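Small disclaimer: the values here were computed from a predicted structure and weren't measured.
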Amino acid sequence: MSSDRSTSSRARAKRGAPCVRRVGCGPTYNRFDGVMHMLAALDLATGKIYYRIRKRKRWLEFLGLLKTLRARWPGEKLYVVLDNFSPHKHPNVRAWAAVNQVELVFLPTYGSWLNWIEAEFAALRYFALNGTDHHSHDEQNAAIGAYIRWHNARAEPKTNFAPDSPIRTWTDYPAKAA
């Protein structure tokens, strides 16, 4: 998901603001310098975010993140909640996951809002990226890293899942749909 511009890499390197895909790329950004991609995982037991930023977001990079997660929690079955992005479904990723006790749980199409990490991405955008003008990818990545270190130092387990939410008890369905 890189820039659609047909300029040379030499011209791209001279101008434009950096951008990390998924976290803070508004429509006003010039992506002449390309984009970076953030791959992240949220541990519900601790509330901590584990991430990496890469130049590409293919199945190889995603598999690298899965291997890192597997090494962090050896011997446990891992459940990874995912959207329907094609690298998540690559045959090599699925084969590796099956052999290594990693269950890939896919959300319904247009259901990414069901993934708790989306709320964490919103907070990351708000606190680390909105209103900033980073001059390089390294500067932007440092801001993201600083926010995630701050977040992880204060992280709490994600256990309540909105137990008092009215959506859990609401039964006042309309008699007739319009």
What about H88 and F62, are their ring centers closer than 6.0 Å? yes

Common cluster, L129/I53, ILVMFWY with side-chain heavy-atom separation under 4.5 Å: yes

Verify the neighbour count for atom CD of E156: are there more than 12 heavy atoms of other residues, nucleotides or ligands below 6.0 Å? no

Considering non-hydrogen atoms only, spot the tightest contact between L65 and A40 and give its length. CD2-N, 4.0 Å

Assess the pair F121 and W116: is the distance between their ring centroids shorter than 6.0 Å? no

One should read off an interatomic distance between I144 CD1 and H137 NE2, to the nearest 0.5 angstrom, of 10.5 Å

Y126 OH: over 12 foreign heavy atoms closer than 6.0 Å: no

How about K55: does its NZ atom have over 12 heavy atoms from other parts shown lying under 6.0 Å from it? no

Does N100 reach the main-chain N or O of V102 with its side chain, forming a donor-acceptor pair under 3.5 Å? no

Would Y51 and L39 count as a side-chain contact (heavy atoms from CB on, under 4.5 Å) if you check the C-alpha gap in whole Å, the side-chain angles of each, and the deciding distance to 0.1 Å? CA-CA 6 Å; Y51 79 105; L39 301 147; over 6 Å; no

Is there a continuous path of hydrophobic side-chain contacts, each under 4.5 Å between heavy atoms, that joins I148 to L44? yes

Full working for side-chain contact (heavy atoms from CB on, under 4.5 Å) between T68 and Y50: CA-CA 9 Å; T68 301; Y50 300 93; over 6 Å; no

Check the side chains of H151 and E120 for a donor-acceptor pair under 3.5 angstrom, ignoring hydrogens and angles. yes

Please say which of K77, R94, R70 ends up in a salt bridge (charged side-chain N to carboxylate O under 4.0 Å, His left out) with E103. K77

If hydrophobic clusters are built by linking Ile, Leu, Val, Met, Phe, Trp and Tyr wherever their side-chain heavy atoms come under 4.5 Å apart, do L107 and I117 end up in the same one? no

Ignoring hydrogens and angles, tell me if any N or O in the side chain of E118 forms a donor-acceptor pair with the backbone of N115 under 3.5 Å. no

Spatial distance of atom CG (D83) from atom OG1 (T109) [nearest 0.5 Å]: 9.5 Å

Distance from M38 atom CE to R52 atom CZ, nearest 0.5 Å? 12.0 Å

Indicate whether the side chain of D43 and that of T46 have a donor and an acceptor atom separated by less than 3.5 Å. yes

Counting heavy atoms not belonging to R56, are there more than 12 under 6.0 Å from its CZ? no

In sequence, state the C-alpha distance, the side-chain angles, and the governing distance for E139 and T132, and then conclude on side-chain contact (heavy atoms from CB on, under 4.5 Å). CA-CA 11 Å; E139 191 178 309; T132 61; over 6 Å; no

For the residue pair Y147 and F127, does the interplanar ring angle fall in the parallel (under 30°), tilted (30 to 60°) or perpendicular (over 60°) class? parallel

Kindly indicate, with the supporting measurements, whether the criterion side-chain contact (heavy atoms from CB on, under 4.5 Å) is fulfilled by K57 and F85. CA-CA 10 Å; K57 190 177 171 184; F85 187 49; 3.7 Å; yes

I need the minimum non-hydrogen distance between L42 and G47, along with the two atoms involved. CD1-O, 3.6 Å

Report whether L82 and L63 are members of the same hydrophobic cluster (ILVMFWY, side-chain heavy atoms less than 4.5 Å apart, transitive linking). yes

Check whether any side-chain heavy atom of K89 sits under 4.5 Å from a side-chain heavy atom of F106, and report yes or no. yes

Cluster overlap L69 with V93, hydrophobic side-chain contacts below 4.5 Å: yes

